[in-house]
Each structure stands twice: as structure tokens, then as C-alpha cells.
Protein chains: 2
Amino acid sequence: MTIRVCRNSGFRPLRRIAPDRDQLLGIIAEVFREHGYEGASLALIGEATGLGKGSLYHFFPGGKEEMARAVIAHIDGWFEDHVFAPLRDGNDPRGGIEQMLAATDSYFRSGRRVCLIGAFALDRSRDLFAGQIRGYFGRWVMHLANALTRSGHRSTEAAELAEEAVAAIQGALTLARAANDADLFSRALRRIRKHIGIPVSG
Amino acid sequence: MTIRVCRNSGFRPLRRIAPDRDQLLGIIAEVFREHGYEGASLALIGEATGLGKGSLYHFFPGGKEEMARAVIAHIDGWFEDHVFAPLRDGNDPRGGIEQMLAATDSYFRSGRRVCLIGAFALDRSRDLFAGQIRGYFGRWVMHLANALTRSGHRSTEAAELAEEAVAAIQGALTLARAANDADLFSRALRRIRKHIGIPVSG
DNA sequence: GACTCATTGTACCGTTCGGTACAGTGTGGG
DNA sequence: CCCACACTGTACCGAACGGTACAATGAGTC
């Protein structure tokens with residue numbers, strides 16, 4: 001029944017196919033994104049990844065919960081590298097903020113993709129991952145606030161602006177999906193740039 | 001096993017206990033809110049309402065989907081009466097906006113409660129209720145934009161402001177739950193009042 | 001007291017759930 | 001050549017899933 005995609009049919013390089021944990025986590029993340037934590041069944045995950053339960057439990061002995069934890073950590077790592085890191089650049093806080101917004105726009109596919117961690121925050125599954133969820137959003141707001149402070153804002157004002165910007169992003173993702181209107185997210189990012197004082201091109 | 005709460009033990013008024021559809025929908029809404037559409041099992045709903053499957057399917061022959069639809073309509077009705085209606089008051093648009101924000105703050109219990117319709121918008125359950133979800137948010141933004149126009153904003157600016165405000169509310173709900181910090185929601189409402197030009201008391 | 005009918009509890013249906021056990025299978029290292 | 005071991009498919013488990021069928025129950029009406 002299952003189609004074996006990579007049988008490595010007689011080729012040479014022959015490095016163990018190496019289940020590519022990164023790619024795997026990306027696929028599983030998409031299933032969680034679409035169905036939520038409770039709705040993402042092992043059958044769906046198996047179907048999406050092409051792996052049977054045997055393999056899934058081999059990679060994630062803790063089952064669904066471990067998968068979700070790994071997925072959150074994976075996303076968190078991506079944000080750490082591409083979204084939070086630019087904000088830490090002390091020399092050019094404004095450029096860092098612009099990079100953060102660009103990476104955010106890219107990650108969420110201009111509003112066509114949903115924030116998995118934000119979705120987890122809403123229902124009971126939050127209790128399972130409370131620490132990771134709080135850390136993700138907390139660091140986002142904190143790094144942005146720091147960058148804003150470095151770019152000249154008073155620190156209390158920077159904290160408010162940062163909280164407002166991250167909330168605006170989350171809210172725009174919800175509304176964009178509700179209205180099925182990707183442009184809504186772009187408009188939100190444009191407004192954020194204006195509030196924060198970054199020149200908007202276009 | 002089940003405790004019968006209202007046996008109407010010998011009293012006089014004796015009007016048929018009238019299952020109080022409003023209250024019932026409120027309880028079911030809370031279950032959906034906590035567990036999401038997929039996670040809200042009939043067992044949980046039965047436990048929360050004190051009704052067995054027999055009764056649940058008597059009131060909602062369409063099962064879980066009909067329950068969710070009724071719950072969304074119920075919430076939508078509440079917002080129509082308490083949130084959108086003040087915005088339609090042509091004489092005092094600013095007062096209407098302030099009433100809208102107050103009702104919103106009250107409904108979401110200052111951020112301790114989550115927006116069920118926003119949560120439904122995020123995962124696959126959106127596809128089931130797309131029309132209702134789109135209508136709810138669309139009307140919210142539209143009525144607010146109209147009120148802003150009437151209060152003196154240019155209509156394009158009003159549309160942006162309205163979209164921004166509703167998104168800010170949704171985002172603040174997500175962040176408030178992620179951070180487990182109810183005050184975050186109050187701060188967001190305060191910022192909205194400021195942006196929209198309503199005097200903030202305190 | 002008989003009839004009606006909204007409401008309820010219970011038993012049951014087939015399916016799917018998350019999870020376990022285990023016997024292959026094939027590959028790289030020795 | 002063989003062994004160790006990472007990986008996989010399959011069968012299976014008990015529980016829970018959404019949903020159905022139906023026989024009681026009991027209050028209002030006449």
C-alpha cells in the first residue's frame with residue numbers, strides 16, 4: 001500500500017537516507033497547524049510523513065506529546081535564528097526590526113499560514129506546553145522591546161510598542177484566515193512599520 | 001448516577017423546566033473554547049451540561065457540528081446585541097465605540113477568556129464554519145469602520161483603523177493566554193482607545 | 001384515568017484513537 | 001561474510017470516539 005519514495009535504487013552516494021529530522025518536523029508541524037493538537041491523529045501524521053507508527057514511535061518514543069514538543073522547539077529555533085537574532089544586532093536596531101518583519105512575513109507566507117504556537121496557546125493543549133509557549137512569545141516581545149529601546153524609544157514605551165506589534169501580528173493571522181484574505185496580513189505589517197517608525201517602501 | 005438538579009420538588013410555578021437553550025449553549029461554548037472543535041468530545045459536553053447523549057441528540061439532531069453552529073450563532077447574536085449595536089448608534093459614534101470596547105472587555109473577562117470563533121478560524125474546523133466566521137469578523141470590522149467614519153475619520157483610514165483594532169483584540173487574547181497575564185489585554189484595550197481617539201480614564 | 005409528547009438513560013454500533021510488541025529488513029562496519 | 005543495529009510494517013490492545021435505536025419516564029391536557 002505505502003509507496004516507498006526513496007529506495008535509493010542502485011545509486012552510489014548511498015549515505016543512509018538519514019530521516020532528515022528537520023524535514024520530518026516540518027511536515028508534522030503542518031499537520032498540527034491544520035488540525036490542532038487534539039485533531040492531529042497519528043494516522044494523519046503517518047499519512048503526511050509516509051511513516052508508519054513503528055517509525056514514528058522510533059523517532060518519538062513519547063508519542064504525540066513528544067512530537068508536539070519537538071515541533072515547537074523546532075519552530076522556536078527557526079525564530080531564534082531568523083527573527084530574534086536580527087533584533088539582537090546592537091549596531092542597527094532599525095535594520096534588525098525590518099529584518100524581523102521580513103522574516104515574519106516570509107514565515108507566515110504573508111498570512112496564508114497560521115502560527116502553530118499561537119493556536120496551541122488558545123485551547124487546553126496550552127497547559128501541556130505552557131513553558132515553551134510563554135518562552136516563545138516572551139522572547140519575541142523582549143527582543144523587540146530591546147531593539148526599540150536601542151533605536152531611541154523610552155523603555156516603557158518600547159515595551160508597549162513591542163507587545164502591540166507582536167499582538168498585531170497574531171491578530172492579523174487570525175483575521176487573515178477568518179476572512180481568507182492574505183492581503184490583510186500585509187496591511188498589518190505595513191501599519192506596524194509605520195508605528196515603529198520604519199520607512200515603508202510602497 | 002447522574003444527579004437530577006431541578007426536580008422541581010413540589011413547587012408551584014411549575015412551568016416546564018424549559019431546558020434553557022441559552023444557558024445550554026453557554027456551557028457547550030465553554031467546552032469548545034477549552035478543547036477546540038475536535039477536542040470537544042460528546043462525553044465532555046455531556047459531562048459539562050449534565051445531559052446524556054439521548055438529550056444532546058434530541059436538542060441537536062445534527063450532532064457536534066450542529067452544536068458548534070448553534071454556539072457560534074449564539075455568540076454572534078450576543079455580539080450583535082452588545083458589541084455591534086452600539087457601533088450603529090448614529091448620534092454618538094465615539095460613545096458607541098467606547099461601549100463596544102467595554103462590552104468586549106466584559107465578554108472576554110479582561111483576557112481570561114478566549115475568542116471561540118477566532119480559535120475556530122485557525123485550524124481545519126474553519127472550513128466547516130467559514131461563512132459564520134467570516135461574517136462575525138467582517139461585521140465587527142465593518143460596523144467599527146462605519147462608526148469611525150461617522151466620528152470624523154476618512155473612510156479609508158477608518159477601515160484600516162477598524163481592522164487594526166479588531167486584530168489587536170484577537171492578538172491580545174492570544175498573547176494574554178500565552179503569557180497567562182490578564183493585564184496584557186487591558187493594556188491592549190487602552191492602546192486601542194488611544195489610537196482611535198477616545199479619552200482614556202486612568 | 002388515558003393520551004401525548006418532550007425528554008431522558010442505556011445499550012449498542014462500527015470506527016478510530018494513542019500506544020505497544022515484535023518480527024522482519026537492509027545497510028554499514030568489522 | 002557476518003554481525004549489530006537503525007529502521008519499518010503489521011498485528012494487536014483497551015479505550016474512547018461520534019452516532020443510533022429505543023424503551024422508559026413523567027408532566028400537561030382533556
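On a predicted model such as this, the values are computed, not experimentally measured, just so you know. Chain identifiers are assigned alphabetically (A, B, ...) following the order of the sequence lines, protein sequences preceding nucleic acid strands; residue numbering begins at 1 within each chain.
Contacts of residues 124-132 of chain B with DNA chain C (heavy atom under 4.0 Å): none.
With sequence neighbours left out, A/F32 forms a ring-ring contact (aromatic ring centres under 6.0 Å, His included) with A/Y37, A/F120. For A/A158, the side chain to side chain contact (heavy atoms under 4.5 Å, CB included) criterion is met by A/L148, A/T149, A/H153, not counting sequence neighbours. Applying the ring-ring contact (aromatic ring centres under 6.0 Å, His included) criterion to B/H35, with sequence neighbours excluded, gives no partner residue. For A/R150, the side chain to side chain contact (heavy atoms under 4.5 Å, CB included) test picks out A/P93, A/N146, A/A147, with sequence neighbours left out. Not counting sequence neighbours, the partners of B/Q99 by the side chain to side chain contact (heavy atoms under 4.5 Å, CB included) test are B/P86.
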Under 3.5 Å, side-chain donor or acceptor atoms of residues 131-141 of chain A against the rest of the protein: list the pairs with distances, not counting sequence neighbours.
| from | atom 1 | to | atom 2 | distance (Å) |
| --- | --- | --- | --- | --- |
| A/Q132 | NE2 | A/R69 | O | 3.2 |
| A/R134 | NH1 | B/A179 | O | 3.4 |
| A/R139 | NE | A/G135 | O | 3.4 |
| A/R139 | NH1 | A/D76 | OD1 | 2.8 |
| A/R139 | NH1 | A/E80 | OE1 | 2.6 |
| A/R139 | NH2 | A/D76 | OD1 | 3.4 |
| A/R139 | NH2 | A/D76 | OD2 | 2.8 |

Return a table of donor-acceptor pairs under 3.5 angstrom between the side chains of residues 47-62 of chain B and protein atoms on other chains or two or more places apart.
| from | atom 1 | to | atom 2 | distance (Å) |
| --- | --- | --- | --- | --- |
| B/T49 | OG1 | B/I45 | O | 2.8 |
| B/T49 | OG1 | B/G46 | O | 3.4 |
| B/T49 | OG1 | B/L51 | N | 3.2 |

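Distance NE2 (B/H58) to P (C/dT10): 18 Å, rounded to an integer number of Å. One atom, CG of B/L24, and another, P of C/dT7, lie 11 Å apart when rounded to the nearest Å. Spacing between atom CZ of B/F60 and atom C1' of C/dA6 amounts to 15 Å, rounded to whole angstrom units. Put simply, CZ on A/F59 is 6 Å from C1' on D/dC7, counting in whole angstrom units. The CZ atom of A/R21 sits 15 Å away from the P atom of D/dA6 (whole-angstrom rounding). Nucleotide D/dA6 holds its P atom 19 Å from the CG atom of A/D20, rounded to whole Å.
For B/R154, the CZ atom sits in a loose shell: 12 or fewer heavy atoms of surrounding residues, nucleotides or ligands are nearer than 6.0 Å.
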Please produce a list of atom pairs where a protein N or O lies less than 3.5 Å from an N or O of nucleotides 16-20 of chain C.
| from | atom 1 | to | atom 2 | distance (Å) |
| --- | --- | --- | --- | --- |
| C/dC17 | OP1 | A/S41 | OG | 2.9 |
| C/dG18 | OP1 | A/K64 | NZ | 3.0 |
| C/dG18 | OP2 | A/L42 | N | 2.8 |
| C/dG18 | N7 | A/K53 | NZ | 3.2 |
| C/dG19 | OP2 | A/Y57 | OH | 2.7 |
| C/dG19 | OP2 | A/K64 | N | 3.2 |
| C/dG19 | O5' | A/Y57 | OH | 2.9 |
| C/dG19 | N7 | A/K53 | NZ | 3.1 |
| C/dG19 | O6 | A/K53 | NZ | 2.4 |

